[in-house]
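Each remark here refers to the structure printed beneath this line.
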Amino acid sequence: MMSDLLGIVTRLIDDFTGEDGSGTVRVDLVDDFAYPFPVTVICELLGVPREDEPRFQVMSGAVIDTADPTTGGIVERQRRRAEAVADLGQYFAQLLDARHGRRGADLLSGLLGGDSDEAPMSHEEILSNAALLLVAGHETTVNLVTNGMLTLLRHPEVLDRLRRGDEPDLAARVVEELLRYEPPVQFLSSGRNTLDDIEIAGTTIPKGSPIALVLASGSRDPGFVTDPDRFDPDREHNEHLGFGGGIHYCFDAPLARPETQIALTQLAHRLQNPRLVADPPPYRASPSLRGPRHLLVEIDGVNPA
């Protein structure tokens with residue numbers, strides 16, 4: 001899988017400047033890299049047609065928009081979410097039907113086959129997990145990669161260290177610090193309720209109350225993190241909430257980590273003199289999913305892979 005990720009990243013960066021890899025050019029790291037990268041990975045992993053990517057964007061975006069409290073009341077957003085999830089389920093149901101009798105090496109075929117010692121998943125469970133992987137492994141990874149490159153360009157000393165490549169574990173530490181410092185998911189506003197009365201800072205939240213979890217704030221709690229507003233990949237004991245926790249731990253975390261590590265490492269190695277065109281860049285409107293809508297960068301060329 002790691003070699004597959006590297007191959008996708010290599011192809012995308014190769015396209016920045018054409019065949020000769022030289023000349024000063026301007027690229028949008030969102031549209032030209034951070035968006036197509038995880039979409040391609042998800043398509044190949046699930047074994048779905050790459051030409052369906054525009055449909056993915058619409059369906060995934062519809063699900064994610066329902067987490068944004070500025071788009072309507074909770075009842076209305078729950079209704080829209082149910083419709084969007086149903087659309088995703090219908091799409092994946094068609095893909096599963098096409099696999100009966102001619103399964104491939106993709107994840108959907110593997111889930112359908114039930115080759116493990118455990119009982120196979122039901123049809124509904126496969127559809128639910130496929131839809132979750134699409135949404136979790138798509139929009140959030142776009143933001144994590146983009147936030148990561150923006151942060152590195154704002155901290156050129158860390159970008160230089162990553163470019164030198166003489167610290168084997170630096171990429172992993174950079175990604176963990178990014179998940180704390182500039183996470184793609186800022187807060188979660190649905191699906192959580194208190195199981196009992198909870199007292200926080202002198203205020204009692206009654207049992208059964210809906211709650212919003214501000215993950216980004218928790219990861220910058222000065223009572224838990226030393227100098228929380230400083231980007232520092234060398235900090236020790238970096239326990240963050242970037243992927244949530246407990247039974248709600250991010251479904252896509254095992255994929256998002258290597259994706260982002262490879263993406264940032266290759267961008268650092270291969271982009272010649274990258275510099276921001278605008279800082280701050282334009283951001284997405286969502287208050288829960290944080291990331292630039294575009295990230296324009298000028299480069300003087302691309303180093304060979």
Side-chain angles (χ1 to χ4, degrees), residues 29-30 34-35 37-39 41-42 56-57 59-72 74 77-78 80-81 84-85 88 128-152 172-193 210-221 224-225 228-229 231 233 238-261 263-264 280-295:
L29 290 182
V30 175
Y35 183 80
F37 174 39
V39 170
V41 172
I42 291 298
F56 281 178
Q57 185 175 12
M59 291 186 290
S60 177
V63 174
I64 288 173
D65 284 346
T66 62
D68 182 352
T70 67
T71 64
I74 187 169
R77 287 188 287 117
Q78 288 175 339
R80 292 188 354 247
R81 180 180 180 84
V85 171
L88 273 174
S128 177
N129 279 278
L132 179 60
L133 183 61
L134 171 64
V135 175
H138 178 191
E139 296 284 350
T140 53
T141 306
V142 174
N143 287 348
L144 180 56
V145 171
T146 309
N147 289 344
M149 199 58 194
L150 175 60
T151 302
L152 288 174
R173 288 186 280 113
V174 164
V175 171
E176 294 309 304
E177 177 67 348
L178 285 170
L179 286 161
R180 184 201 69 80
Y181 177 81
E182 192 70 286
V185 180
Q186 297 284 292
F187 72 89
L188 301 171
S189 60
S190 62
R192 275 79 172 171
N193 297 81
I211 58 175
L213 302 178
V214 189
L215 303 179
S217 177
S219 289
R220 292 200 183 197
D221 181 355
F224 184 73
V225 181
D229 294 331
F231 176 69
N238 187 0
E239 299 179 28
H240 56 75
L241 299 173
F243 285 133
I247 62 172
H248 296 290
Y249 192 74
C250 178
F251 187 69
D252 184 57
L255 181 59
R257 279 189 168 104
E259 279 183 315
T260 309
Q261 291 170 21
L264 296 181
Y283 274 78
R284 301 177 187 273
S286 171
S288 58
L289 294 178
R290 177 175 172 80
R293 176 61 193 87
H294 298 284
L295 185 62

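FYI, side chains are in, hydrogens and waters are out, and symmetry mates aren't considered; it's all heavy atoms of this structure. It should be emphasised that the depicted structure is a prediction, and the values quoted were computed from it without experimental measurement.
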From CA spacing to verdict: side chain to side chain contact (heavy atoms under 4.5 Å, CB included), L255, I42: CA-CA 10 Å; L255 181 59; I42 291 298; 4.1 Å; yes
Hey, is the main chain of R290 close enough, under 3.5 Å, to the side chain of N147 for a donor-acceptor pair? yes
Supply the atom-to-atom distance R192 CZ to L213 CG, rounded to the nearest 0.5 angstrom. 6.0 Å
Roughly how far, to the nearest 0.5 Å, is CG of D252 from CZ of F243? 7.0 Å
CE of M149 to CG of L29, rounded to nearest 0.5 Å, is 6.5 Å
Would you give the length of the straight line joining atom OH of Y35 to atom CD of E139, rounded to the nearest 0.5 angstrom? 6.0 Å
How close do P228 and Y181 get, heavy atom to heavy atom, and via which atoms? O-CD1, 4.3 Å
Sequence neighbours excluded, which residues qualify as side chain to side chain donor-acceptor pair (under 3.5 Å) partners of E176? H240, R257
Got a second to check how far L144's CG is from E182's CD, nearest 0.5 Å? 10.0 Å
Which pair of heavy atoms, one from L264 and one from G148, lies closest together, and at what distance? CD2-C, 3.9 Å
Just jot down the side chain to side chain donor-acceptor pair (under 3.5 Å) partners of R220, sequence neighbours excluded, or say none. D229
How far apart are the closest heavy atoms of P183 and R180, and which atoms are they? CD-O, 3.7 Å
side-chain contact (heavy atoms from CB on, under 4.5 Å) partner of L241, chosen from L215, D221, L179, V214: L215
Using side chain to side chain contact (heavy atoms under 4.5 Å, CB included), reason through L289 and V185 one step at a time and then give a plain yes or no. CA-CA 5 Å; L289 294 178; V185 180; 3.7 Å; yes
Nearest heavy-atom pair of S219 and G242: which atoms, and what distance? OG-N, 4.2 Å
Show the numbers, then the answer: is there a side chain to side chain contact (heavy atoms under 4.5 Å, CB included) between N143 and R284? CA-CA 10 Å; N143 287 348; R284 301 177 187 273; 3.1 Å; yes
Applying salt bridge (Lys or Arg N to Asp or Glu O under 4.0 Å) to R293 and not counting sequence neighbours gives D31
Write down the atom of F37, the atom of A263, and the distance for their closest heavy-atom approach. CE2-CB, 4.0 Å
If you take all heavy atoms of A34 and P38, which pair is closest and at what distance? O-CD, 2.8 Å
Please check if the side chain of R80 supplies one atom and the backbone of T71 the other of a donor-acceptor pair under 3.5 Å. yes
